[in-house]
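Read the structure below first, then the notes.
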2 protein chains.
Amino acid sequence: MSNRERILEAAKALFNQYGPLNVGTNKIADYLQISPGNLYYHFQNREEIIRTIFLEISDAADRAVQVGTPGRGSMADLGDVLLNSVQVVWHYRFFYGNLVQLLRNDPKLKALYLQRRETSLAFLEAVLRDWLQNRHDRDGLSETDLKILATNVWIVAVNWIGFLQIEKEDNQITRPDLLRGAFQILEIMKPYLDQETIRLVHDRLHTRLQELEQNSRFGNTG
Amino acid sequence: MSNRERILEAAKALFNQYGPLNVGTNKIADYLQISPGNLYYHFQNREEIIRTIFLEISDAADRAVQVGTPGRGSMADLGDVLLNSVQVVWHYRFFYGNLVQLLRNDPKLKALYLQRRETSLAFLEAVLRDWLQNRHDRDGLSETDLKILATNVWIVAVNWIGFLQIEKEDNQITRPDLLRGAFQILEIMKPYLDQETIRLVHDRLHTRLQELEQNSRFGNTG
DNA sequence: GTCTATATATAGATAGAC
DNA sequence: GTCTATCTATATATAGAC
C-alpha cells in the first residue's frame with residue numbers, strides 16, 4: 001500500500017475513532033510514523049484528504065443502492081438496499097456525524113456533497129415511486145407526499161448511526177444495531193407496502209444478518 | 001444583563017453562526033470586549049458554558065411539548081407541538097448539528113443529555129400511543145412499532161434543521177422552512193391519523209405560520 | 001518520496017494586580 | 001468582577017536537505 005493510501009486509511013480510522021475535529025494532520029502522520037512533510041507531499045491540506053474520502057463514500061453509496069434499481073429483481077432487494085445503506089453510513093460515520101461542520105469549513109466539499117445529495121434524493125424518489133405504488137388506489141401517495149417521504153427516509157438513514165452513537169460507545173455497536181437501522185427506515189414505508197412485501201423484506205434482512213454474523217469478525221472500520 | 005448572561009448569549013449566537021468548534025473562549029471574550037480572565041471568572045471552562053446552555057435547551061424543549069400532554073386540549077395542538085419543537089432545534093441548532101462531537105468531548109454533558117433523551121423518548125412514546133390510537137383497529141400499531149415510530153419522529157425532528165442548513169445559508173432559512181419541518185414530522189404519523197385530524201393539524205400549522213409572519217421580524221437566534 | 005526543522009497562529013487556561 | 005500578561009499545547013503548513 002502506498003503512503004498516499006495509508007494516509008487515507010489512517011485518516012478514516014482516526015476520524016471515526018476520535019472525531020474529525022480532534023484529528024489533525026500531525027496526528028495522522030504520527031500514527032503512521034511518517035513526517036508531516038511527507039503527508040503534505042501527498043495532499044495539499046487536511047480538507048483535500050476529507051474530499052478524497054468523500055469520493056470513496058460516493059462510490060460506496062452507489063454500490064449500496066445498485067441492487068434496488070427499479071425494474072430489476074424482487075421487492076426483497078429493498079432489504080439489501082436498506083441494510084447496505086446503513087452499513088455505508090456506519091463505515092464513514094465520522095462524515096455523517098459531522099456533516100454541518102465539515103461542509104461549513106470547506107466550500108468545495110459542500111458543493112460536491114450538495115450536488116451529490118440532489119441526485120441521490122431524486123433517485124430515491126423515483127425508486128420509492130416504483131416500490132410504493134402497490135397501494136396507489138385509495139390511500140395513494142401524491143407527488144408531494146412522495147417527496148416528503150423520500151426526505152424522511154434520507155434523514156433517518158443518514159442519522160440512525162449518530163442516534164446510536166449517543167447511547168453506545170463505538171466498540172459496543174453490533175451488527176444487530178445496524179439491522180435495527182434498516183427496520184427503522186422500513187417503518188417509514190411500511191404503511192405503503194402490502195403485507196407480502198413486508199414479509200419478504202423482513203426475511204431478507206434476517207438472512208443478511210445471519211450471513212454477517214457468520215462471515216467475519218466485526219471491525220470498527222469495516 | 002450581567003456579564004455571565006452576556007457570555008451565554010454571545011456563546012449561543014457565535015456557536016450558531018460559526019459552529020461551536022470554530023468558537024473558543026477567547027473569541028467569545030473578544031466579541032463582548034471583555035478579557036479572557038473575566039470569562040473564566042464566570043465559567044470554569046468552555047464545556048461548562050455549553051452545559052449551561054443545555055439546561056436552557058431542556059427548559060425550552062419542555063415548554064415546546066407542554067401543550068401536547070395527553071388528555072389536554074384538541075388534536076390540533078399536535079400542530080403546535082411539531083412547530084414548537086422545530087423552532088427549539090432551530091434556536092439551538094449549533095447543539096443539535098454537532099451532537100456526536102459535543103458529547104464525545106464532554107462526558108458530563110453526555111450523561112445529562114442521555115438521561116434527558118431517555119425521558120423525552122418515553123414521553124413521546126406515551127403521547128403517540130394516545131394520539132395514534134384512532135386507527136387502532138385493523139392496522140393497529142404494536143408496541144414495537146410505536147417505539148420505532150417514536151424514534152423516527154425524534155430523528156427527523158432533531159435533524160431537519162441540519163438537513164436544511166446544508167442546502168441553505170443560515171440567513172436564508174425562513175419561517176416557511178421551519179413549517180416544512182413540522183410537515184416532515186407529521187408525514188411519519190399521517191398513516192395512523194384520520195382525515196379530520198390531519199385537516200385540523202394542517203389548519204393549525206398554517207394559522208401559526210401567519211401569526212409568525214406578522215408578529216416579528218425573523219432573527220437568526222430567535 | 002521522505003525527512004528535519006521551523007514559522008505562524010490560535011486554542012484553553014491561569015496568576016496576580018486593581 | 002475585571003483586567004493584563006503570560007504559559008503551554010497544538011494546529012496548519014512550508015522550506016529545504018537528503
Side-chain angles (χ1 to χ4, degrees), chain A residues 1-54 94-95 97-98 100-110 112, chain B residues 1-54 94-95 97-98 100-110 112:
Chain A
M1 194 156 56
S2 72
N3 261 356
R4 187 173 196 277
E5 289 169 293
R6 292 178 67 225
I7 290 165
L8 288 172
E9 292 305 308
K12 274 191 279 177
L14 294 172
F15 286 164
N16 276 337
Q17 188 169 1
Y18 303 107
L21 291 106
N22 295 328
V23 176
T25 48
N26 287 350
K27 277 198 188 150
I28 297 171
D30 276 3
Y31 175 82
L32 291 172
Q33 288 179 292
I34 62 172
S35 66
N38 189 338
L39 185 146
Y40 276 93
Y41 170 80
H42 291 288
F43 295 95
Q44 270 193 5
N45 51 37
R46 190 172 168 278
E47 270 102 63
E48 197 187 79
I49 296 176
I50 296 175
R51 281 198 302 272
T52 306
I53 296 174
F54 175 65
F94 82 86
F95 184 77
N98 298 274
V100 179
Q101 178 77 21
L102 290 175
L103 301 191
R104 176 167 11 219
N105 289 349
D106 181 4
K108 285 188 198 168
L109 179 62
K110 181 164 183 165
L112 283 174
Chain B
M1 196 156 53
S2 71
N3 262 356
R4 186 171 197 279
E5 289 170 293
R6 292 178 67 224
I7 291 166
L8 290 172
E9 291 306 308
K12 275 191 279 177
L14 294 172
F15 287 164
N16 276 337
Q17 187 169 3
Y18 303 107
L21 292 105
N22 295 329
V23 176
T25 48
N26 288 349
K27 275 195 190 154
I28 298 171
D30 275 3
Y31 176 81
L32 291 172
Q33 290 179 290
I34 63 172
S35 66
N38 190 338
L39 185 146
Y40 277 93
Y41 170 80
H42 291 288
F43 295 94
Q44 271 194 5
N45 52 37
R46 191 173 166 280
E47 269 105 63
E48 198 187 80
I49 296 176
I50 295 175
R51 281 198 302 273
T52 306
I53 295 174
F54 175 65
F94 81 86
F95 184 78
N98 297 274
V100 179
Q101 178 77 22
L102 291 175
L103 301 191
R104 174 165 16 216
N105 289 351
D106 181 4
K108 286 188 199 166
L109 179 63
K110 180 163 183 166
L112 283 174

Inset, instruction - Identify which nucleotide among C:dG1, C:dT4, C:dC3 has an atom closest to any side-chain atom of A:His42, counting heavy atoms from C-beta outward. - result: C:dG1
Legend entry - Between D:dA11 (P) and A:Leu39 (CG): distance, integer Å: 13 Å
Legend entry - Spacing of CD1 belonging to A:Ile7 relative to CZ belonging to A:Phe43, to within rounding of 0.5 Å: 5.5 Å
Inset, instruction - Measure from CD1 on A:Ile7 to P on C:dG1 and round the result to the nearest Å. - result: 11 Å
Inset, instruction - Report the nucleotide, chosen from C:dG12, D:dT4, C:dA11, that has the shortest atom-to-atom distance to any side-chain atom of B:Tyr40. - result: C:dG12
Legend entry - Short side-chain N/O contact from B:Tyr41 to OP1 or OP2 of D:dG1, under 4.0 Å: yes
Inset, instruction - Compare side-chain N and O positions of B:Asn38 against OP1 and OP2 of D:dC3 and report whether any pair is under 4.0 Å apart. - result: yes
Legend entry - Length of the line joining A:Asn22:CG and C:dA11:P, which is rounded to integer Å: 15 Å
Legend entry - Spacing of B:Asn26 atom CG relative to C:dA9 atom C1', expressed in whole Å: 12 Å
Inset, instruction - Examine C:dG12: is either OP1 or OP2 under 4.0 Å from a nitrogen or oxygen in the side chain of B:Thr25? Give yes or no. - result: yes
Legend entry - Per A:Asn3 side chain, nearest of listed nucleotides D:dT12, C:dT2, C:dA13: C:dT2
Inset, instruction - Round to a whole Å and report the spacing from CD of B:Glu47 to C1' of C:dA13. - result: 12 Å
Inset, instruction - Could you point out which residue of A:Arg6, A:Arg4, A:Glu5 forms a side-chain hydrogen bond (donor to acceptor under 3.5 Å, both in side chains) with A:Ser2? - result: A:Glu5
Inset, instruction - Would you mind telling me which of D:dT2, C:dT14, D:dA13 lies closest to the side-chain atoms of B:Ser35? - result: D:dT2
Inset, instruction - Pick base, sugar-phosphate or nothing for A:Gly37, based on heavy-atom distances below 4.0 Å to the nucleic acid. - result: base
Legend entry - Distance in Å, A:Lys108 NZ paired with A:Leu103 CG, rounded so as to fall on 0.5 Å steps: 15.0 Å
Legend entry - Presence of salt bridge, B:Glu9 and B:Lys12, under 4.0 angstrom: yes
Legend entry - Spacing of B:Ile50 atom CD1 relative to C:dG12 atom C1', expressed in whole Å: 13 Å
Inset, instruction - Would you kindly give the CZ-to-C1' distance between B:Phe43 and C:dT14, to the nearest whole Å? - result: 18 Å
Legend entry - N or O in side chain of B:Lys27 less than 4.0 angstrom from C:dT10 OP1/OP2: no
Inset, instruction - Mind calculating the distance between CG (B:Leu21) and P (C:dT10) to the nearest angstrom? - result: 17 Å
Inset, instruction - Would you mind reporting whether B:Ile50 and B:Phe15 have side-chain heavy atoms less than 4.5 Å apart? - result: yes
